Amino acid sequence: MTKPNIPKGTRDFGPLEMARRNYIFSTIRNVFARYGFQQIETPSMELMSTLMGKYGEEGDKLLFRIQNSGEKANEAPEKGLRYDLTVPFARYIVQHRDELQFPFRRFQIQPVWRADRPQKGRYREFYQCDVDVIGTDSLVSELELIQIVEDVYQALGIRVCLHLNNRKILAGIAEVIGAPDKIIDITTAIDKLDKIGLENVNKELSERGLADDSIAKLQPILALQGSNEEKLDAIAEVLAGNETGTKGVEEMTQIIDLMKCQLSTINYQLDLTLARGLNYYTGTIFEVKALDVQIGSITGGGRYDNLTGIFGLPNVSGVGISFGADRIYDVLTELNLYPASMMNATQVLFATFGDAELRYALKWAKQLRKENIRVEVYPEPAKMKKQMSYADSKAIPLVAIVGGNEMESDTVMLKNMTTGEQSQVTIEQLINKIKKV
RNA sequence: GUGGUCAUAGCUCAGUUGGCAGAGCAUCGGAUUGUGGUUCCGAGUGUCGUGGGUUCGAGCCCCACUCUCCACCCCA
């Protein structure tokens, strides 16, 4: 017998983990619903032609390919597992555009797969919770997503910092320092600023072929300090006269203004080092980091002006963010922030002494369930010790013991497992006691 | 994809220069036939990740593979 196993980077979820995960998903779902977003799902697998070339060279390598069956088994795979929820969503919009009312507000909570090498907070199968608004340029959409971030993390009790940037500002910087074609190199290098330090960033920029005087011009921008307003003023000055960059500053200013109008209390920070790898972002970029756990970003997203263009529907602007459920799980676990009620645990267990008692208990259980009480009946009249141990190990707070005496008087012996107290009660009394506990 | 690291009972882990495969927890039974969580007694459990090699003899040494975790790349 070889030991059973699961593929690298995948996980089983037991009852406790599922209760926790469902708590996260339902919290997120409830917030999304409050903003009028509607849920969709797309297939786990997409055609390779849909997936290829959408995530850059690196992304193509990380796609899981599905081998063809039958006669085509040896030909190139025509299907692959989805890598994220955004590209399948873009395909969905193009395919169903005639059925949709724009601006279209959708959310989607499904697993995605990446053939990455696993490590902490990084899996080959993980869930994303995407929420997007498609078909409007309005920055109110950005504001709403920021409000959603605020609501979700407030509900979960996680302290976070929202990092904000704008791709147009980054493009403007690249133009101003005289290296407009190097925007990707510049952003991926300065993204690492707080990780590897200024000196190494400059070294990397040089290695990526950036001219020395361009690097020199970049220094004041990398060194920006102060409040969000001060930083924004400073960058506006640097970018004055540059059309793209100024547009980005205007967008950022407007978003901050809208946040004030909604009395947003979220902790946010203008972060020019925030780049985000995906190259389809064109405007605002978001990233959320947990303040009390070091795990990378737990939510990320941004605006993309022409995502559906690659599928033949140009000029449709959208903005969206993705909550990383698996990382949020790790954060909540590390900070021990799950509410006790999340388990939906059994409220009362029936323990019986014989077959007649078992049947009696089943009748009672049915009535309690009608009252929306979570009930278990121990399925056989085993030794009382065994039935009690079962209740104890599952932390069931109440045990209703049924023997001959109880049946005769139409009662059960109700034991409170935390205090050890017990008393003989009728069904009405039982229902009242359970609702009190 | 590059570099490192780990794997022994259901779980967490000991295991000496290479010489009989171990402990705690959990499980099951009993002390206690109508009462759990505390206590005491007893019991079972292993292709030592997989395959090969060295050796009289390998959990231990060598090689390959798989898996875990970590760093890089990239990312949620």
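Keep in mind it's a predicted model, so treat the numbers as computed, not measured. A note on names: the letters A, B, ... follow the listed sequences, proteins ahead of strands, and every chain is numbered from 1.
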Practice task
Scan A:S389 against the nucleic acid and name what it touches under 4.0 Å (heavy atoms): base, sugar-phosphate only, or nothing.
Solution key: sugar-phosphate
Practice task
Have a look at A:G9 and say if it touches a base, only the backbone sugar-phosphate, or nothing, with a 4.0 Å heavy-atom cut-off.
Solution key: sugar-phosphate
Exercise for the section: In whole angstrom, give me the gap between the P atoms of B:rA64 and B:rC41. Expected result: 50 Å
Practice task
For A:G420, report the nucleic acid contact type (base, sugar-phosphate, nothing); a contact means any heavy atom under 4.0 Å.
Solution key: base
Handout entry: Complementary nucleotide for B:rA71 - Watson-Crick or wobble, under 3.5 Å
Key = B:rU2
Exercise for the section: Let me know the distance between CG of A:D60 and P of B:rC75, rounded to the nearest Å. Expected result: 13 Å
Problem - Distance between P atoms of B:rC6 and B:rC63 (Å, rounded) - result: 14 Å
Practice task
Would you mind classifying the nucleic acid contact of A:K415 as base, sugar-phosphate or nothing, using non-hydrogen atoms under 4.0 angstrom?
Solution key: base
Practice task
Return the stacking result for B:rA76 and A:F323: yes when the ring centres lie under 5.5 Å apart and the planes under 30°, no otherwise.
Solution key: no
Problem - Whether A:Y338 and A:Y23 hold their rings parallel, tilted or perpendicular, with breakpoints at 30° and 60° - result: perpendicular
Problem - Spacing of A:Y390 atom OH relative to B:rG37 atom P, expressed in whole Å - result: 16 Å
Fill in the blank from the handout: A:K8 atom NZ is separated from B:rC69 atom P, nearest whole Å, by 10 Å
Problem - Nucleotide nearest A:E58 when distance is taken to its side chain, options B:rC67, B:rC73, B:rU35 - result: B:rC73
Practice task
For B:rA31 versus B:rG52, give the span between their P atoms, rounded off to a whole number of Å.
Solution key: 50 Å
Practice task
Determine the contact category for A:Q128: base if any of its heavy atoms lies under 4.0 Å from a base atom, sugar-phosphate if only primed atoms, P, OP1 or OP2 are that close, otherwise nothing.
Solution key: sugar-phosphate
Practice task
Go through the steps to decide whether A:T411 and A:E406 satisfy the test side chain to side chain donor-acceptor pair (under 3.5 Å), and finish with yes or no.
Solution key: CA-CA 5 Å; A:T411 58; A:E406 286 79 13; 5.7 Å; no
Fill in the blank from the handout: Rounded to whole Å, CG of A:L85 lies from C1' of B:rC75 at a distance of 15 Å
Handout entry: A:V348 backbone acceptor or donor facing A:R374 side chain under 3.5 Å
Key = no
Problem - Residues A:R21 and A:D326 bridged, charged N to O under 4.0 Å - result: yes
Exercise for the section: Answer with base, sugar-phosphate or nothing: what part of the nucleic acid does A:Y123 contact at a heavy-atom distance below 4.0 Å? Expected result: base
Practice task
Return the value, rounded to whole Å, for the distance between atom CG of A:L62 and atom P of B:rC74.
Solution key: 11 Å
Practice task
Any strand is fair game: report the nucleotide pairing with B:rU50 by Watson-Crick or G-U wobble, both distances under 3.5 Å, or none.
Solution key: B:rA64
Exercise for the section: Between B:rU5 and B:rC62, how far apart are the P atoms? Round to whole Å, please. Expected result: 12 Å
Completion exercise
Per atom distances to the A:E406 side chain, the nearest of B:rG34, B:rC74, B:rA76 is B:rG34
Handout entry: Atom C1', compared across B:rG10 and B:rG51: separation rounded to whole Å
Key = 26 Å
Exercise for the section: Looking at every strand, decide which applies to A:D116 at a 4.0 Å heavy-atom threshold: base, sugar-phosphate, or nothing. Expected result: base
Exercise for the section: Could you let me know what B:rG37 is paired to, Watson-Crick or G-U wobble, both distances under 3.5 Å, or none if it's on its own? Expected result: none
Fill in the blank from the handout: Among the nucleotides B:rC74, B:rG29, B:rG1, whichever has the atom closest to the side chain of A:R117 is B:rG1
Practice task
Could you give the distance separating B:rG24 and B:rA9 at their C1' atoms, to the nearest angstrom?
Solution key: 12 Å
Exercise for the section: Anything under 30° is parallel, anything over 60° is perpendicular, the rest tilted; go ahead and classify A:F102 against A:F104. Expected result: perpendicular
Exercise for the section: Under 4.0 Å between any heavy atoms, over every strand shown, what does A:Q387 touch: base, sugar-phosphate, or nothing? Just pick one. Expected result: nothing
Practice task
Would you indicate what A:K61 reaches in the nucleic acid, counting non-hydrogen atoms under 4.0 angstrom: base, sugar-phosphate, or nothing?
Solution key: nothing
Completion exercise
Checking B:rG29, B:rA76, B:rG34 against the side chain of A:M413 (C-beta onward), the nearest is B:rG34
Exercise for the section: Report the residue (A:T10 or A:F353) whose heavy-atom-nearest nucleotide on RNA chain B is the more 5′ of the two. Expected result: A:F353
Practice task
Begin with the C-alpha distance, continue with both residues' side-chain angles, and end with the deciding distance and a verdict on side chain to side chain contact (heavy atoms under 4.5 Å, CB included) for A:V319 and A:D132.
Solution key: CA-CA 6 Å; A:V319 57; A:D132 291 77; over 6 Å; no
Fill in the blank from the handout: Testing B:rA76, B:rU35, B:rG36 for proximity to the side chain of A:M417, the answer is B:rG36
Fill in the blank from the handout: Of the listed B:rC72, B:rU2, B:rC67, the closest approach to the A:Q119 side chain comes from B:rC72
Practice task
Determine the interatomic distance between C1' on B:rA71 and the same-named atom on B:rG15; round to the nearest Å.
Solution key: 31 Å
Practice task
Would you indicate which nucleotide in B:rA76, B:rG29, B:rU35 comes nearest to any side-chain atom of A:K383?
Solution key: B:rG29
Handout entry: Protein-nucleotide distance (A:I298, atom CD1; B:rA76, atom C1'), rounded to Å
Key = 10 Å
Exercise for the section: Could you state the atom-to-atom distance from CG of A:L63 to P of B:rC74 in whole Å? Expected result: 17 Å
Handout entry: Spacing of A:D392 atom CG relative to B:rG37 atom C1', expressed in whole Å
Key = 4 Å
Practice task
Between B:rG59 and B:rC20, how far apart are the C1' atoms? Round to whole Å, please.
Solution key: 14 Å
Exercise for the section: Check whether NZ of the Lys or CZ of the Arg A:R303 lies under 6.0 Å from the centre of the six-membered ring of A:Y281 and within 45 degrees of that ring's axis. Expected result: no
Problem - Complement of B:rC56, any strand, by Watson-Crick or G-U distances under 3.5 angstrom - result: B:rG19
Problem - Aromatic contact, A:Y378 with A:Y390 (centres under 6.0 Å) - result: yes
